[in-house]
2 protein chains.
Amino acid sequence: MAVTIKDVAKKAQVAPSTVSRVLSDHPKITQETKEKVRKVMEELGYHPNLLARNLVRQSSQTVGIIMKESSEHSLFDPFFPAVLKGMSDLLHDREYSILMTTGETNEEIYQDVVKMVQGKNVDGLIMLYSRDEDPILEHLLKRKFPFVMIGKPATHIDEIMYVDNDNVKAARDMTQYLLSIGHKRIAYVGGNPKFEVHKDREQGYREALQISGIQETIIFQTSATRESGKELVDKLLKMEKRPTAILTTDELKCMSILSALYAESLRVPDDISITTFMDSLISELSSPPLTTMDIHPFQLGYEAAKTLVELLENPNMMRRNILVPTSLVKRQSCKKLTMNEETL
Amino acid sequence: MAVTIKDVAKKAQVAPSTVSRVLSDHPKITQETKEKVRKVMEELGYHPNLLARNLVRQSSQTVGIIMKESSEHSLFDPFFPAVLKGMSDLLHDREYSILMTTGETNEEIYQDVVKMVQGKNVDGLIMLYSRDEDPILEHLLKRKFPFVMIGKPATHIDEIMYVDNDNVKAARDMTQYLLSIGHKRIAYVGGNPKFEVHKDREQGYREALQISGIQETIIFQTSATRESGKELVDKLLKMEKRPTAILTTDELKCMSILSALYAESLRVPDDISITTFMDSLISELSSPPLTTMDIHPFQLGYEAAKTLVELLENPNMMRRNILVPTSLVKRQSCKKLTMNEETL
DNA sequence: CTGAAAGCGCTTACAG
DNA sequence: CTGAAAGCGCTTACAG
């Protein structure tokens, strides 16, 4: 059996309650007593049993992380580890632990969340995504359980605290950058619009074209596999007027397209320009290095965790949402078109 | 206040102990009683408080994951999410939760572990790495705390259950593959030998050369950044007899070198062949697609979690270590040398 | 088959 | 400044 507060109390000749107070550094305990008790704790190798503490405090000092339904693709997307790192750094400082959902399907994840929430296993939650018709979201709102979302809520936007990029602006900025260097036929390659982030970026793309008076939108939706990269490039090659630039929304998709382009002997950026979102090592180490919109995933995670912890410590805090600015990182995957090329 | 077992008991007109037995589906409770109680649980929206259950059971049904000291590099290495996924799948099936260390430095991670272990916050641990002189390892061994290591223990190998690839063989196989297609000057680019995995792979490389009677080893150690890739390639270019193949040990390092090679207008595989370890989307989507040694990270995580859970459920189980086979995935980053080229 | 009681290891009003 | 006592919400021998 492990050593408990009682063992310490007995050996130090004080009451268990005193030991408990020493543990929390209660101001009214004399320095003398504290030292005596601490010495005994040291000798006995005492460590508080957190399970017991959690029960009486009705709190677990733990934050749960709700992952997105997994797919081959999302698994390797560098977004996840970067966000996780941001959350982890803040939570470590504030002495919270991290518990993760382990479910694979949406239904399993829902069950994980119910168990965490009702079982009091976590004090609050961070949702790593925002999507349409999410039973998890409904469940949390109904129970008024504290949580913060990374991404823009699809519904109940006035009741949810969230941390996000301005994805409409980010995609608009990126599109306008391509326009500014002479591109007029720009294709957009995004993800499933059931996720808000993809809806937003597609809209940003549209807005930029509209502002510039360009009618033609070229929109694709692919996954990050060798095959879909190839399919997409096949489609591009069959177009009578091929786009001169491709705006992709994640690094792996971008790699898959890059790879298919090379297979068809198209050069980047000479024959076609390409951009992406996120700025992990992938963009930096790619050949050519990728022009990308850095969404600062570390900061997204950090701010989300910070907001949640503040909410937990002060349940009446004023609601606030945080927008993490994005920044355009120009590298070598985009080429400025000459007058000649523009009109080709 | 949440609804407790007492509320259910009162409304169902049974004792709290009966409710508890219904919860665990105790065989001696009549079907009738079970149904009555379950109906009330439903009506009241009852969910067991896991904190209380954990306390009395002296177990948390939680597995802790000890991460490696973080670095920019390891953060984006696809190894981590893949291993995590494997563990997560198994742990979900067995109804265990996952708690992660959040510390950044070795010292912080050590504190995280002590807290998890002494605080009874986890029933067992999985170490995601193996390294020299690890105080965490010593601590766990001293306390006889159940854990499984991913990687080969540097010390105490007979007391530790571990799951690993045969990294010596994996690197030897890869080197021999390169030899078999005519390469004789092969450079090895690995990581810090304080980690066992890197020691093993370097040894495998040496062994293969030795077996083939090749004296000259060319060994580098770099990190996965643009700069170190460039530095490495600069060194290669300055060699009087440049290697015809490079064996790298992770995908990001490989990308960084690939990128530096292209910058120097060296073509892969025409001018130089290159291989890596791991087979994430990065290898598949790279241009050219990378010949790689698949270490099956998902399975490493899955088997580690499985071993740990079995150990927790049967503390007297026979010790066993698991070696997950590696498999060579041939893609387009290696070229067979002609007789001519071999003797160049 | 079910209930009353003790207990898991803490914390925290309430006394003094 | 410190102690005795109650209680957090469960589980589980022990009775009957």
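Quick note on labels: first sequence line is chain A, next is B, and so on, each numbered from 1.
At whole-Å resolution of the value, OH in Tyr46(B) and P in dG9(D) are 10 Å apart. Nucleotide dG16(C) holds its C1' atom 13 Å from the NZ atom of Lys28(A), rounded to whole Å. Atom CD in Gln58(A) sits roughly 20 Å away from atom P in dA6(D) (whole-Å rounding).
Regarding contacts with the backbone of dG9(C), every side-chain N or O of Thr4(A) stays at 4.0 angstrom or more from both OP1 and OP2. Taking 4.0 angstrom as the limit, Thr30(B) places a side-chain polar atom (N or O) nearer than this to OP1 or OP2 of dT2(C). Contact check, Thr18(B) against dG3(C): a side-chain N or O comes under 4.0 Å of OP1 or OP2.
Taking the six-membered ring where tryptophan is involved, the planes of His139(A) and Tyr110(A) are perpendicular, since the angle between them exceeds 60° and thus also 30°.
Using modelled atom types and a 3.5 Å distance limit, the side chains of Asp123(B) and Tyr96(B) yield no donor-acceptor pair.
Summarising the geometry of Asn321(A) relative to Tyr162(A), their closest heavy-atom pair is OD1-N, 3.0 Å, with the distance given to 0.1 Å.
Ranked by how close their nearest DNA chain C nucleotide is to the 5' end, Leu51(A) and Thr33(B) are led by Thr33(B). Annotation: of the two residues near DNA chain C, Leu55(B) and Arg21(B), the 5′-most nearest-nucleotide partner is Arg21(B).
Shown are Leu128(A), Leu300(A), Leu308(A), Val148(A); of these, the side chain to side chain contact (heavy atoms under 4.5 Å, CB included) with Met87(A) is made only by Leu128(A).
Listed nucleotides dG9(D), dT11(C), dT2(D) differ in distance to Ser20(A); the shortest reach to its side chain belongs to dT11(C).
Evaluation of atom-type donor-acceptor distances gives a pair under 3.5 Å for the side chain of Ser17(B) against the base of dA4(C).
Contacts of Val14(A) with the nucleic acid, taken as non-hydrogen atoms under 4.0 Å apart, involve only primed sugar atoms and P, OP1 or OP2.
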